[in-house]
Protein chains: 2
Amino acid sequence: MDAREILKQHIAKTATLTDEEFDHVFSHFARHSFKKGQAIISAGDKAEHEYFVLEGCLKSFYINDDLKMFILQFAMPTWWASDFDALYSGARATINVDCITDAEVLSLHNTDREKLCREIHQMEHFFRWRTNRGYVAAQKRLLSLMNNDARHRYEELLQMYPQLYNIVPKNLIAAYLGVSRETLSRLYQHGK
Amino acid sequence: MDAREILKQHIAKTATLTDEEFDHVFSHFARHSFKKGQAIISAGDKAEHEYFVLEGCLKSFYINDDLKMFILQFAMPTWWASDFDALYSGARATINVDCITDAEVLSLHNTDREKLCREIHQMEHFFRWRTNRGYVAAQKRLLSLMNNDARHRYEELLQMYPQLYNIVPKNLIAAYLGVSRETLSRLYQHGK
DNA sequence: GTGTTTATGTGATGCAGGTCACTTTGAGAC
DNA sequence: GTCTCAAAGTGACCTGCATCACATAAACAC
């Protein structure tokens with residue numbers, strides 16, 4: 001399935017667009033291919049685009065002063081990634097986005113998203129719902145982080161996104177869960 | 001300042017409405033007075049409304065199987081509170097909302113929010129931005145929870161919301177930070 | 001292929017913060 | 001006022017997870 005069709009079906013789940021409207025929307029996206037390990041947004045950059053994943057897997061992450069990495073999100077096909085704080089506020093990025101595997105993405109400029117939201121009511125609706133889902137997911141993750149131990153969070157993650165197990169190295173899973181890679185490794189030593 | 005004016009100015013920060021449009025919007029809100037300690041949404045309820053705070057302070061929180069409380073949000077004047085997951089998905093509430101102090105609020109039914117978003121493009125814009133801000137704030141809190149220790153998170157919270165110090169008891173602050181009340185109490189024993 | 005980097009496992013040790021138990025202070029209710 | 005209950009402080013003890021150190025093993029570059 002081509003990029004156009006993937007995006008069209010993705011948006012159609014939340015918003016109703018005519019074919020002409022979708023053509024107009026799609027004309028604001030640009031396609032990019034990235035290699036495994038390649039950076040898409042680096043801390044300090046201006047974050048001007050958000051990215052819709054067609055193929056592969058991205059991660060968005062923060063690096064603290066001790067160079068420790070914390071993963072905010074893994075982005076699989078039909079997910080969106082960016083430094084949303086910087087994107088909306090116009091500030092420099094503090095979040096990085098890069099490629100865990102080779103990836104195909106569509107980029108949308110911040111200005112164009114706002115333009116599309118102004119022009120087409122249904123696009124504003126679409127982006128409202130996309131953010132809604134992100135907000136609710138972030139709140140659930142906050143509660144899980146406060147309430148559950150490392151093992152529980154690990155099993156929760158694998159149950160929710162089984163595909164991750166095969167694609168994402170354990171050190172990155174640890175950086176998502178908020179535990180050290182050693183602790184994650186020890187969770188299942190000698191079979192559970 | 002009356003309820004109408006507070007809401008009007010709050011919305012005007014993000015969206016442009018004519019007076020007629022605002023009158024229409026405002027007609028969907030209902031005003032309520034609550035007493036300190038009173039519950040607004042309880043786990044198991046249908047969550048059908050979201051609440052805009054005019055006066056006082058609410059909290060939204062989760063209670064786990066061990067009856068331990070985790071606070072998702074304090075809601076001060078011009079903040080919104082609800083179980084947004086249940087509200088949007090139609091599921092039963094898992095989050096509670098109640099009053100830390102006596103409070104004056106405006107309620108908006110889920111159905112009416114969606115109706116207003118359909119009728120008035122600018123209202124869809126308003127709610128998109130409201131959720132944006134919530135999403136970004138939740139992501140920052142996730143990072144802080146993974147990256148910083150209890151003392152750091154406490155100082156961060158007080159710096160961001162100094163008003164909380166006088167209004168909100170320490171055991172609730174602890175439930176927000178994700179530490180025990182004993183640990184929070186010990187942070188500043190014998191003056192720092 | 002060979003050398004280099006990245007991912008993973010595992011032992012030893014330390015500490016932040018949890019839990020339990022008890023005390024003190026303060027705010028309402030009457 | 002007095003009684004009750006919630007909030008807050010503190011000691012003693014325990015534990016989940018971090019950190020450091022080193023050993024494999026697998027992936028990648030050339």
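Residue numbering restarts at 1 for every chain, and letters A, B, ... go by the order of the sequence lines.
- The nearest whole Å value for the distance from the CG atom in A:Leu145 to the C1' atom in D:dC17 is 13 Å.
- For the pair A:Thr101 (side chain) and A:Gly56 (backbone), a donor-acceptor distance under 3.5 Å is absent.
- A:Arg181 contributes a side-chain N or O that forms a donor-acceptor pair with the base of C:dG9 under 3.5 Å.
- The shortest distance between the side-chain N/O atoms of B:Thr183 and the OP1/OP2 oxygens of C:dG17 is not below 4.0 Å.
- The distance from atom CG of B:Leu177 to atom C1' of C:dA16 is 15 Å, rounded to the nearest whole Å.
- For A:Phe126 and A:His10, the ring centers sit closer than 6.0 Å to each other.
- Phosphate contact (OP1/OP2 of C:dG28, side-chain N/O of B:Lys36, threshold under 4.0 Å): present.
- Contact check, B:Lys68 against C:dG18: no side-chain N or O comes under 4.0 Å of OP1 or OP2.
- When the P atom of C:dT10 is taken as reference, atom OH of A:Tyr188 falls 15 Å away, rounded to whole Å.
- Remark: the backbone N or O of B:Gly37 is not paired with any side-chain donor or acceptor of B:Asp98 at under 3.5 angstrom.
- In this structure, A:Lys170 atom NZ and C:dT8 atom P are separated by 6 Å, rounded to whole Å.
- A:Arg186 contributes a side-chain N or O that forms a donor-acceptor pair with the base of C:dG11 under 3.5 Å.
- Counting any heavy atom pair closer than 4.0 Å across all strands shown, A:Gly37 reaches no nucleic acid atom.
- In this structure, A:Glu182 atom CD and D:dC17 atom C1' are separated by 10 Å, rounded to whole Å.
- The phosphate of C:dT6 (OP1 or OP2) has no side-chain N or O of A:Asn171 nearer than 4.0 angstrom.
- With salt bridges taken as basic N to acidic carboxylate O contacts below 4.0 Å, one links B:Arg130 and B:Glu50.
- At whole-Å resolution of the value, CG in A:Asp149 and C1' in D:dC17 are 10 Å apart.
- Rounded to whole Å, the distance from CG on B:Leu187 to C1' on C:dG18 is 13 Å.
- At distances below 3.5 Å, not a single donor-acceptor pair connects side-chain atoms of B:Arg4 with backbone N or O atoms of B:Phe26.
- Between A:Lys35 atom NZ and D:dC28 atom P there is a gap of 12 Å when expressed in whole angstrom units.
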